[in-house]
Each structure stands twice: as C-alpha cells, then as structure tokens.
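The structure under discussion appears below in the form of structure tokens.
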2 protein chains.
Amino acid sequence: MRALTFNGSFQYRTDYQAPRLIPSESLVRVRLAGICGTDLEVARGYMAFRGVPGHEFVGEVIDSARQDLVGKRVVGEINAGCGRASCRWCAASMQRHCPDRTVLGILGRDGAFADILSLPDENLIVVPDSVPDRLAVFTEPLAAAYEIFSQIHIPRDCSILVLGDGRLGALIALALTAEAYSPTLAGRHQEKLERLGALGLNTRLETELKSKFDYVVDCTGRGEGFRRAIGLVKPRGTIVLKSTAAASADLNLAPIVIDEISIVGSRCGLFAPALAAIASGKVNPAPLIDGEFPLSEWDSAFEAARQHSNFKILLRPS
Amino acid sequence: MRALTFNGSFQYRTDYQAPRLIPSESLVRVRLAGICGTDLEVARGYMAFRGVPGHEFVGEVIDSARQDLVGKRVVGEINAGCGRASCRWCAASMQRHCPDRTVLGILGRDGAFADILSLPDENLIVVPDSVPDRLAVFTEPLAAAYEIFSQIHIPRDCSILVLGDGRLGALIALALTAEAYSPTLAGRHQEKLERLGALGLNTRLETELKSKFDYVVDCTGRGEGFRRAIGLVKPRGTIVLKSTAAASADLNLAPIVIDEISIVGSRCGLFAPALAAIASGKVNPAPLIDGEFPLSEWDSAFEAARQHSNFKILLRPS
C-alpha cells in the first residue's frame with residue numbers, strides 16, 4: 001500500500017506492507033488525514049517514533065470481526081491499551097494512560113498517513129452521515145481541546161487566555177466559545193489573529209497583553225510558552241499545559257509556589273463530546289483548513305503545515 | 001534594640017531602631033524564633049530582601065490599640081495585605097496573595113530576628129497557655145504544611161510521597177500522618193531518615209524508591225527536586241510544589257502533558273489549624289529541635305541550620 005514512513009527521515013512508499021486483520025481490531029481505509037504539530041515534532045525526534053506517522057483521520061472500515069462496523073465511516077481514538085484485566089487504566093476506560101499502550105502514528109503503532117490503518121474495534125466511533133470528512137477529521141484535535149473540561153471545572157465568570165495562535169490554540173478557543181466561555185486568544189501572528197477574529201474570537205497580540213488571567217491555556221508548542229504562561233496567570237490561577245515541547249525550558253519555579261499556581265498537563269480526550277460538538281455545528285473548524293494534498297505530495301503538505309500563516313493541512317492517501 | 005540585619009551580608013546590631021506603634025498594628029517582643037530554609041535563601045538573594053529577616057516566631061504583645069492583646073503570647077501570620085476594600089484578596093481574607101502585601105522578614109517588612117517586631121493586629125493569634133514557646137514557634141511552618149489540605153482533597157487510599165528529608169518535609173509528613181494519611185518520606189540523609197523513622201514515619205532513601213505515587217510533595221528545596229518529582233508521580237497524579245528554589249531547573253515539560261500530571265504550588269497557610277494540631281498533641285514537632293542559640297550567636301545558629309544533619313534551629317533574641 002501507499003504510506004509515508006519515518007525512519008530518521010521521511011520516505012513515501014507505494015510498496016509498504018498493509019496491516020493484516022488481527023483479533024479485536026478493525027482495518028480502516030483512510031479517507032482523509034490531518035497534519036498535527038506532533039507530526040512535525042516526530043520529524044524532530046519526538047518519542048523516537050519509527051514507522052507511519054499520522055493520528056488525525058477519518059476512514060472507512062474495510063474488514064473487522066465486528067460486522068456492524070464494516071462499511072462504516074469512522075474516526076478512531078488513538079491510544080490502544082494493553083487490555084489486560086489487571087490494568088487499572090484499561091479497566092477504567094483510560095487506555096490513553098495505560099503504561100503499555102501503543103499510540104497511532106506516535107508510539108509503537110503505524111498511523112494514518114497510509115492507505116490502511118488498524119485500530120482496536122473499541123476505539124472506533126461511527127461518524128454521522130451529516131458530518132463531512134473535512135469536519136470529521138478534526139475530531140481528534142478537538143477531543144484534545146474538550147479534554148480540558150473533563151479535567152477541571154472552569155467557572156463561567158473567570159477570565160481565560162488561550163496562549164498560541166496555532167492549530168490547537170484555535171480549536172481550544174472555538175471549543176471554549178462553544179461551551180459559553182469568553183476566552184481571549186493571544187499569539188504572535190497578526191494575520192492569523194485577524195482570521196480568528198473574523199470567526200468571532202476575541203484576539204490579541206501576545207506582546208499587547210497587560211492584565212493577568214484566572215486561567216491560561218498554553219498551546220504555544222514552545223518550552224518558552226510555559227514561562228510566559230506563568231507571567232500571565234493570576235495568583236492562585238491555573239495553567240493548562242498543552243504543549244508537548246520536546247525542548248527543555250530554563251525555568252524559575254519560585255513564582256509557581258509563591259503565587260500558588262496550579263498547572264494541569266492535558267493531552268488526548270474522549271472523542272464523543274468532540275464529534276457531537278462538530279455534528280451539532282457548535283464548533284465549526286472548516287475555516288481552519290488551509291490546504292489538502294494527496295499523500296504523494298506529503299513534502300509540500302508538511303512544508304505548508306510548517307508555515308506559521310497556516311492552520312490545518314490535510315492529506316488524502318488515495 | 002538588638003537585631004540581625006541583612007544588607008547583602010548579615011550584621012548583628014544592638015542599636016537598630018525599634019518599630020514604633022502604628023494604627024492597626026501591634027508591637028510584639030520576640031520570645032523565640034526559628035530559622036527556615038527561606039532565611040538561608042535570603043542570604044543567597046531570595047526576594048532581594050533587605051532588613052531584619054526571620055518569620056517564624058512566638059512573642060508577647062507589648063503595645064497595641066487592641067488592649068485585649070497586650071500581654072498575650074502570640075504567633076502571627078506573616079503576610080500583611082494592603083487592606084483596601086477594593087483588594088479582592090484582602091476582602092477574601094487572603095492577604096497572603098495581595099499584590100501589595102508585605103511579608104514578615106521576607107518582603108518589605110522587618111522580621112523576627114530582633115527584640116521587637118510589628119504586625120497587623122488581625123495577623124496575631126493568641127497561643128494557649130498549654131503550648132510552650134518551643135512548640136508554638138512551629139506554627140508558621142506547620143501552617144505551610146496544612147496549606148496543602150486547603151488546596152486539594154487527597155483521598156485516603158492514595159499513595160503519598162514526601163520528597164525531601166529537611167525541616168519542611170518532616171513537618172509535612174507529620175501533618176499528613178496526624179490527618180490519618182500514611183505518607184512515605186524519602187530523602188538523601190540516612191541519619192535524618194532514621195530519626196524520622198523513630199518518630200513513626202515510613203522513610204526510604206530516595207535512591208531506593210522503585211514505584212510511583214499518586215501524590216508527590218516536593219520539599220527538596222532544589223530545582224532538581226521538581227524533575228525528580230515528575231519521575232516519581234503516576235500518570236494523572238499530583239505534585240505539590242513546596243520548594244521556592246531560587247535556582248532554575250532545566251526541564252522537559254513533555255511528561256507533564258503526556259501523563260496529564262497536575263502541579264499545585266503551595267506556600268503559606270492559615271495558622272489556626274496548625275496551632276490547633278500542636279495544641280491537641282496531634283503533631284509534636286519537639287523532636288525536630290536541634291539547637292537554640294541567643295541572637296548574638298546568629299552565626300553559629302545559621303551554621304547549624306545549614307548542616308544537613310539538623311532539622312530546626314531556634315534563635316532567642318533576649
């Protein structure tokens with residue numbers, strides 16, 4: 001099959017071995033995939049990943065022991081747990097924290113930048129017919145935004161800053177707005193801020209921020225962003241840390257203690273609330289799409305994804 | 001009056017200007033003071049403090065508009081807010097987060113290593129006759145331990161690691177034990193761990209720790225301790241950060257996000273629960289006292305406080 005592989009460098013292949021059907025997993029033909037910041041990090045050595053990257057996708061089940069899934073259009077949660085009864089994480093449906101998990105296109109499991117992928121049956125969620133591929137492909141990153149609500153309760157009258165005007169920052173600001181919050185989104189790129197402003201978001205240049213916030217969501221993707229977040233949160237405030245920056249941050253911890261700041265690391269989330277938000281039209285990520293490339297043009301696609309002026313770049317395997 | 005002053009270096013003086021009575025404050029003759037890690041940090045430039053250090057004390061009110069306080073033995077909360085009605089922190093009795101606060105012996109206010117100090121009347125709490133000076137002087141650091149309970153709820157069946165076998169680590173482990181938790185205290189100093197073990201605490205050499213914990217309280221006082229705490233906490237676990245390490249930590253943030261770790265900065269706490277725990281005998285810090293020096297011998301006292309084999313060193317101004 002066709003696949004983009006990473007083994008220290010990227011290679012587009014047409015002869016890559018397709019996954020075979022194994023018990024309790026389904027084979028999915030990828031219809032559309034998204035390029036995420038993590039995919040760009042993989043190229044810089046994140047998780048020392050080797051194989052087929054890509055974890056944002058919508059596809060069609062082409063083979064499965066679960067006959068009710070075959071032929072269905074699905075999205076899929078990317079963490080596959082060990083499934084052992086003795087695993088407290090798998091037993092609690094928190095496969096995403098199972099210490100022996102694989103993660104689609106990130107850790108020990110080939111991903112979505114290919115014709116076909118394999119995922120556990122239980123990871124797959126059928127996409128309603130009303131949701132087009134171009135929206136369904138946002139389920140995974142939007143689930144990462146909705147994960148915040150499953151971790152902390154944010155009172156409605158609190159001030160919220162989303163720091164970072166990239167893909168994830170935009171989705172988190174849209175999710176907060178959909179849930180009746182009024183976040184401020186701050187970044188460094190005037191052009192993107194104007195685009196996000198046109199979507200109804202309250203945006204600011206990061207350099208123009210003057211007051212502090214009760215909650216700061218760091219989506220900068222840079223270690224430096226965490227330091228900036230500490231400077232922008234009120235005493236007793238909360239920082240939600242979303243950036244899996246591979247780089248180290250030279251950090252003075254004293255302000256965290258003195259101002260009794262809370263920090264909450266936040267990663268993947270459940271798909272159901274995100275897909276529901278897309279299906280209901282509560283969140284519309286369509287304006288964030290800046291390009292769609294066939295998989296064979298992965299190089300141009302990654303180049304576009306690296307451009308600071310772009311939000312989401314999509315890949316079409318076939 | 002006699003006072004130990006810091007102005008880039010320490011100086012013991014007998015001619016220091018005693019504080020004068022000002023509205024809404026009381027003058028307190030210091031009976032006994034404790035040396036804290038923060039006092040040692042002050043000597044290294046913490047908060048760029050200038051003046052009389054010292055914030056752990058028990059004393060006697062010698063002058064006050066509050067006649068009911070005069071002659072009483074008191075301890076005192078160390079943060080003095082601006083008191084303005086418009087200050088959300090002062091209005092909520094959280095003077096310790098008022099942005100215009102002074103802090104006894106730490107920020108803009110002379111402290112306890114002197115004959116006499118001044119604090120707002122509202123900061124003072126009368127010490128029951130049954131509590132001797134040598135125990136009452138622990139109220140402030142024990143309040144910092146009890147602050148954890150005011151910030152987060154720790155379920156009884158969770159595993160808790162107190163990282164650091166210093167003064168604060170010992171008090172936090174004693175407080176957790178008093179509140180019916182079963183913490184493990186880990187450190188680097190075999191001799192101190194044996195002393196703490198003799199008090200009934202479950203102790204371990206840090207290098208021998210093998211499993212991870214639901215909660216890790218970092219009391220190491222080192223930036224490096226935070227990195228260690230991240231490695232010792234379970235996914236979705238919580239780190240309580242107590243170390244106001246002036247040093248920077250070279251830190252990879254990715255594990256915080258991937259394992260969705262929460263971090264809670266924790267500083268000063270309310271005195272009432274700590275004093276009550278001492279008065280009831282629920283916490284007995286007496287075995288932690290390793291020396292008591294007259295203020296004039298401050299140099300020997302600080303030297304003793306710097307010794308890793310010692311817990312608490314006390315100073316007697318008069």
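Letters A, B, ... are given to chains in the order of the sequence lines, protein chains preceding strands, and every chain is numbered from 1.
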Reported CG-to-CG distance for the pair Asp218(A) and Leu253(B), which is rounded to 0.5 angstrom: 8.0 Å
Beyond-backbone contact of Asp259(A) with Arg267(B), side-chain heavy atoms, under 4.5 angstrom: no
Short side-chain to backbone donor-acceptor contact, Glu260(B) and Val264(A), under 3.5 Å: no
Euclidean distance, Ile256(A) CD1 relative to Ile239(B) CD1, rounded to 0.5 Å: 10.0 Å
Residues of residues 90-102 of chain B near chain A, each having a heavy atom less than 4.5 Å away: Met94(B), Arg96(B), His97(B), Arg101(B)
Structural part of Ile258(B) lying under 4.5 Å from a heavy atom of chain A: both
Spacing of CG belonging to Leu241(A) relative to OG belonging to Ser262(B), to within rounding of 0.5 Å: 10.5 Å
Listed pairs under 3.5 Å, donor-acceptor, residues 228-235 of chain B side chains, sequence neighbours left out:
unit_1, atom_1, unit_2, atom_2, d
Arg228(B), NE, Glu206(B), OE2, 2.5
Arg228(B), NH2, Glu206(B), O, 3.1

